[in-house]
Number of protein chains: 2
Amino acid sequence: MDHSVRRQAMDRAAGPAAEAAGAAAPPSPTARAVSGSAGLCPVRVAAEVLTRPVRRRGKELESAIFAATLDQLTSGGYARLTMEGVAAAARTGKAALYRRWASKVELVIDALDSTLPRPHGIPDLGSARGELLQLIEVFAEAMNSSAGSALHALMGELSHQQAEVFKDFIVQRVIEPTKDTILDILRRGAERGDVRPDAATPMVADVVPAMFLYQVKICGRENVAPDYAVRMVDDVLVPLIRA
Amino acid sequence: MDHSVRRQAMDRAAGPAAEAAGAAAPPSPTARAVSGSAGLCPVRVAAEVLTRPVRRRGKELESAIFAATLDQLTSGGYARLTMEGVAAAARTGKAALYRRWASKVELVIDALDSTLPRPHGIPDLGSARGELLQLIEVFAEAMNSSAGSALHALMGELSHQQAEVFKDFIVQRVIEPTKDTILDILRRGAERGDVRPDAATPMVADVVPAMFLYQVKICGRENVAPDYAVRMVDDVLVPLIRA
DNA sequence: CTGTTTGTGAACGCAAGCGTTCCTTAAGGT
DNA sequence: ACCTTAAGGAACGCTTGCGTTCACAAACAG
């Protein structure tokens, strides 16, 4: 994500104002923040303000923005996510968002891409059941993360006409790697002998992401249940693929 | 859905205005519609206006409102659906909507409830495969309807905190009847001998709705493919449940 | 210290949508 | 024909959010 063009545009806009900087400094933002915190202990707030930096820059600010973005995605979905709301939740200004991201779409994809764990393959454990179980456990752990929750919310956008960019992201970033791993497991198991030879089909590989999608969407699990992996493997996957 | 309380409230508001109706009638709405249609053939438009009724009442108007609602749900999702947009698409006024429905939620649920086909069981066809195949075909046909498309869009709301009413509707109206039918088929097949005795579990029954959800959400099928039922039954369901 | 970069908060003009109200009149029933 | 009901269109005041701009100043680098 290259922000250099946008940064230059914002710099040109700020240039004349920087030259016009005046001599008298108004009250600092920190003092204003204290006066606005009527419901908090004034002593505590003042101590916090004096001991920690008030402004974040660069990566630290982006982390806060990403966290706010995922939170808004999770609680209200993509359509209700607003740049204004994200800026407020991250305690920053809209200008700081627009310096980096031209649109809501870019922000959301960047936030997810930066926080979702990277998929990796499952090693040969000697049995298809063991491998499928580890895969499902790893997948469940990812789905239980805040990025996973936000990803569920984003799936609500996939029905809509403007959703190609989200679909591409989810398919390439999450679904295809998972299916590739499943097909690897099945092919290995077929060679080993504990998987029936015709089990390694795309539709069989679809069952795992499908069941996860269903679990979070219909069964309403904010967190995938701890025994879900075992039950899914033993009730569905092993009967489906065994030799 | 009882509108009598709302209807009385709207009538009271309209009462004094009806009494104050004046003597001079301004130009009729139809004449205004003609003058606003600069891009159309004036002769054609005038002929249409004169030969078809301008106003719909009762069920006919509700049908138009429901169609507009489903269309907006499908194209933009629940969050982007607006009462104003539905009214405009149905060529009616907002007041006509609010006479009937207190909120967007009520409108959407009524629209879906009124247009979704009612589920019914699958008869004993002598083989679990045949029964599952018929079930999947019936289900696919329902999902290919406009109400089915709108239902997919509504599933995007299920991640959100205010979504209990939608989830209840979808689970009770669509998911549970489907699962009940599947479990019936599996139990019958187990007695008959072509289904393994421990196949009739809730998780196995989840596979069908899960695969459909996945199909429309991730694989991007606006219409479920014609051969999907056969492939799903033969690649996944029959290997999963057979004795 | 100076100069540059960038964060924070506020404000702007505009757009869209809400829920309500009002007026006119089409549609339906007697 | 008359009366009642309810539809259609417009307008209202209010709220929220957009994308942009600006002033001030914190943070950083040399």
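Quick caveat: nothing in here was measured; it's all calculated off a predicted structure. Lettering of chains follows the sequences in order, A, B, ..., and the numbering in each one begins at 1. Both backbone and side-chain heavy atoms feed into the values below; hydrogens, waters and symmetry mates do not.
- Phosphate proximity of dA6(D) to R100(B): absent, as no side-chain N or O sits under 4.0 Å from OP1 or OP2.
- L97(A) places its CG atom 14 Å from the P atom of dG17(D), with the value rounded to the nearest Å.
- Although no hydrogens or angles enter the test, the distance criterion places a donor-acceptor pair under 3.5 Å between the side chain of R173(A) and the main chain of D113(A).
- The distance from atom NZ of K59(B) to atom P of dA7(D) is 12 Å, rounded to the nearest whole Å.
- No hydrogens or angles were tested; on distance alone, nothing pairs the side chain of R91(A) with the base of dT8(C) as donor and acceptor under 3.5 Å.
- Proximity note for M83(A) (side chain, C-beta onward) versus dT6(C), dC22(C), dC18(D): the nearest is dC18(D).
- Atom CZ of R99(B) and atom C1' of dC22(C) are 14 Å apart (whole Å).
- In this structure, of dA6(D), dC18(D), dT8(C), it is dA6(D) that holds the atom nearest to the side chain of R57(B).
- Between R80(A) atom CZ and dC18(C) atom P there is a gap of 12 Å when expressed in whole angstrom units.
- Atom-to-atom, NZ of K94(B) to P of dA16(C) comes out at 13 Å; the value is rounded to the nearest Å.
- OP1 or OP2 of dT8(C) lies within a sub-4.0 Å distance of a side-chain N or O belonging to T92(A).
- R57(A) is linked by a salt bridge (charged side-chain N to carboxylate O under 4.0 Å, His left out) to nothing, counting only residues two or more places apart in sequence or in another chain.
- With sequence neighbours left out, the ring-ring contact (aromatic ring centres under 6.0 Å, His included) criterion links F169(A) to no other residue.
- When the P atom of dT5(C) is taken as reference, atom CD of E62(A) falls 17 Å away, rounded to whole Å.
- Here G85(A) lies out of heavy-atom contact (under 4.0 Å) with every strand.
- The closest donor-acceptor contact from the side chain of K104(A) to the backbone of L81(A) lies under 3.5 Å.
- Counting distance only, with no hydrogens placed and no angle test, the side-chain atoms of R55(A) and the base atoms of dT6(C) include no donor-acceptor pair under 3.5 Å.
- Atom CD of E141(B) has 12 or fewer neighbouring heavy atoms from other residues, nucleotides or ligands inside a 6.0 Å radius.
- Separating the CG atom of L107(A) from the P atom of dC18(D) is a distance of 11 Å, rounded to the nearest angstrom.
- As rounded to whole Å, 16 Å separates atom P of dT8(C) from atom CD of E84(A).
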